[in-house]
Amino acid sequence: MRIYDIINKKRYARELSREEIFFAINGFVSGEVADYQMSALAMAICINSMTEREVLDLTDAMLRSGDTINLSRFGHLSVDKHSTGGVGDKTTLIVAPIVASLGAKVAKMSGRGLGHTGGTVDKLEAFCDFKTSLSSEDFLKQVEKIGICVIGQSANLVPADKKLYALRDVSATVESIPLIASSIMSKKLASGSKNIVLDIKVGSGAFMKTESEARALAHAMIKIGKGFGRNVRAIITNMDTPLGKAVGNSLEVWEAIELLKGNITSELYEVCIALSSNMISCAFEIDIEEAKKLCINAVSNGSALKKMKEWIGYQGGDVSLICESERLLQASCKKDFKSQKCGYVSRIDAEKVGIAAMMLGAGRMKKDDIIDTHAGILLNLSIGDRVFEGDTLATLFSSSYDKFSPCEELLLQAFELSDEKPQKQNVIIDTI
Ligand code: URA
């Protein structure tokens, strides 16, 4: 078998055999297939796509490239969630303690942020000394004991994806449904949960720019899950506007705490209740409406907040930040970004807000950049709100005043005002 022939076959849109897919992936991991050959194959897949069978084999080849976690001791109770990435998406911080407080088992590996999208591991580090790396023994022990553990992805979790994703990132081959679906699902399958709930984002701040692409990705991932005996559900949510008011690591942790204290009932709450209800409905095999009532109660009676404290403390984080959450809003430099006109807020472009927050220090332009935990943007208004000249649209947080001016230029483009009050868009587009 020669990699040249495999590339050439996909170039002519022909179906690759399981053996050919394994040959390409194993060769790439071992170094026998060169980066330029793998990028040529990835580009051919982007252009000519893959059949369902090829996507299953690609996922399997990636999954088998590294370690897998065995959660069988938790039976049907193990549950994971994944968001395809967005701006202001702090749902894991909220949803994980909600479902763990109800008895489901959350053994989760999360990623770091890159570009305008954030990552849960960076957010958790806002709880000073929070341990994001644990041995697999300690990881499982914690899940057994308190029902929840969230750590960074271990080095040997799907190494084929790590290598392939790095290549796709620099060769314009990220945006391909077979490649995205197999990349995400290989990591979810390796993490071991029986039940997986996906939050597929669609809009300016997401990978998927249209609803039809988001649906196609959801169906591809559900089929992979089924093929590997997992229970997968997907919700499609709007990411034209940042999710919630906070964008930036410690700011998002603050907002997550406020929600669990019962102080937030906006779109962020809606998405978190939808995700957690689906997770509980899968884990306990109960009706979604019954699951929803349980999740709403877990927030209103304080049990989810109590679980968050237990979780953060168990992983070495500073639990006092949960009681004194205003300490998470303490960047050394702050500035209000004011409106120059009046009208109704008709758009807050998620991608532009995400890039502006990254410019303040909240995100990474390159993989090895160091982030500023306290940097970010706190939006003061939502779509449809009335604005007068001089009103504060957002507050900017950074460690340097020099960073404000380029960020403000971008925010000027991110906020659109209209004369008429715009119609409210639903944040939850569909459940599949
Ligand atoms: N996230 C992933 O993990 N992989 C992709 O291909 C895209 C987003």
Side-chain angles (χ1 to χ4, degrees), residues 21 24-25 28-29 38-39 41-47 49-50 54-56 58-63 65-66 68 80-87 89 91-92 108-123 150-193 196-210 213-225 228 230 232 234 236-237 239 350-351 354 363-364 367:
I21 290 171
I25 294 296
F28 178 54
V29 173
M38 198 63 201
S39 3
L41 181 58
M43 185 57 87
I45 294 170
C46 278
I47 295 168
S49 196
M50 280 184 138
E54 284 177 296
V55 176
L56 277 183
L58 176 59
T59 309
D60 199 17
M62 301 224 283
L63 175 61
S65 70
T68 54
D80 198 354
K81 73 160 273 273
H82 180 83
S83 151
T84 57
V87 177
D89 183 353
T91 52
T92 293
K108 185 160 174 53
M109 293 205 179
S110 286
R112 292 195 181 271
L114 185 61
H116 68 276
T117 62
T120 301
V121 171
D122 296 322
K123 294 172 208 200
V150 182
I151 55 171
Q153 279 159 14
S154 68
N156 208 32
L157 189 93
V158 197
D161 178 66
K162 270 196 191 83
K163 207 171 167 196
L164 182 54
Y165 193 81
L167 205 59
R168 289 167 57 210
D169 203 26
V170 292
S171 59
T173 51
V174 169
E175 277 144 57
S176 146
I177 285 175
L179 294 178
I180 297 177
S182 55
S183 162
I184 294 174
M185 288 307 290
S186 58
K187 288 175 285 199
K188 292 288 110 185
L189 295 169
S191 304
S193 286
I196 302 164
V197 176
L198 304 165
D199 180 3
I200 316 269
K201 305 280 187 198
V202 56
S204 91
F207 276 121
M208 299 292 120
K209 303 292 181 205
T210 66
E213 286 171 341
R215 282 181 199 284
L217 181 62
H219 286 295
M221 295 209 277
I222 289 171
K223 276 182 194 142
I224 296 173
F228 286 85
R230 310 295 170 93
V232 183
I236 298 183
T237 61
M239 188 33 78
E351 184 174 22
R364 298 182 182 83
K367 230 169 79 192

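Every number for a ligand or one of its atoms is a count from 1 in the order of the listing.
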Colleague: Please list, in number order, the atoms of ligand 1 under 4.0 Å from a heavy atom of Ser183.
Modeller: 2 (C), 3 (O), 4 (N), 5 (C), 6 (O)
Colleague: Can you list the residues that meet the side chain to side chain contact (heavy atoms under 4.5 Å, CB included) rule with Ala206, with sequence neighbours excluded?
Modeller: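 Per chain and number, Ala206 pairs via side chain to side chain contact (heavy atoms under 4.5 Å, CB included) with Lys201, Met239.
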Colleague: Please walk me through it: do Ser154 and Asn156 pass side chain to side chain donor-acceptor pair (under 3.5 Å)?
Modeller: CA-CA 5 Å; Ser154 68; Asn156 208 32; over 6 Å; no
Colleague: Counting each atom of ligand 1 from 1 as listed, which ones have a heavy atom of Tyr165 under 4.0 Å away?
Modeller: 4 (N), 5 (C), 6 (O), 7 (C)
Colleague: Between ligand 1 and His82, is the shortest N or O to N or O distance under 3.5 Å?
Modeller: no
Colleague: If we ignore angles and hydrogens, is there a donor and acceptor under 3.5 Å between the side chains of Ser186 and Asp161?
Modeller: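 The criterion, which ignores hydrogens and geometry beyond distance, is not satisfied for Asp161 and Ser186.
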Colleague: Look at atom 8 (C) of ligand 1 and say which protein heavy atom is nearest, naming residue and atom and giving the distance to 0.1 Å.
Modeller: Phe207 CE1, 3.3 Å
Colleague: Side chain or backbone, does Lys187 bring an N or O within less than 3.5 Å of an N or O on ligand 1?
Modeller: yes
Colleague: Show me the donor-acceptor pairs, under 3.5 Å and distance only, between side chains in residues 213-220 and residues at least two apart or in other chains.
Modeller:
{"unit_1": "Glu213", "atom_1": "OE1", "unit_2": "Lys209", "atom_2": "N", "d": "2.9"}
{"unit_1": "Glu213", "atom_1": "OE1", "unit_2": "Thr210", "atom_2": "N", "d": "3.3"}
{"unit_1": "Arg215", "atom_1": "NH1", "unit_2": "Asp430", "atom_2": "OD2", "d": "2.6"}
{"unit_1": "Arg215", "atom_1": "NH2", "unit_2": "Glu211", "atom_2": "OE2", "d": "2.9"}

Colleague: As an exercise, identify every atom of ligand 1 less than 4.0 angstrom from a heavy atom of Ile184.
Modeller: 1 (N), 2 (C), 3 (O), 4 (N)
Colleague: Please tell me if the side chains of Val232 and Lys188 come closer than 4.5 Å, counting only heavy atoms from C-beta onward.
Modeller: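 They are not in contact (no side-chain heavy atoms under 4.5 Å apart), so the answer is no.
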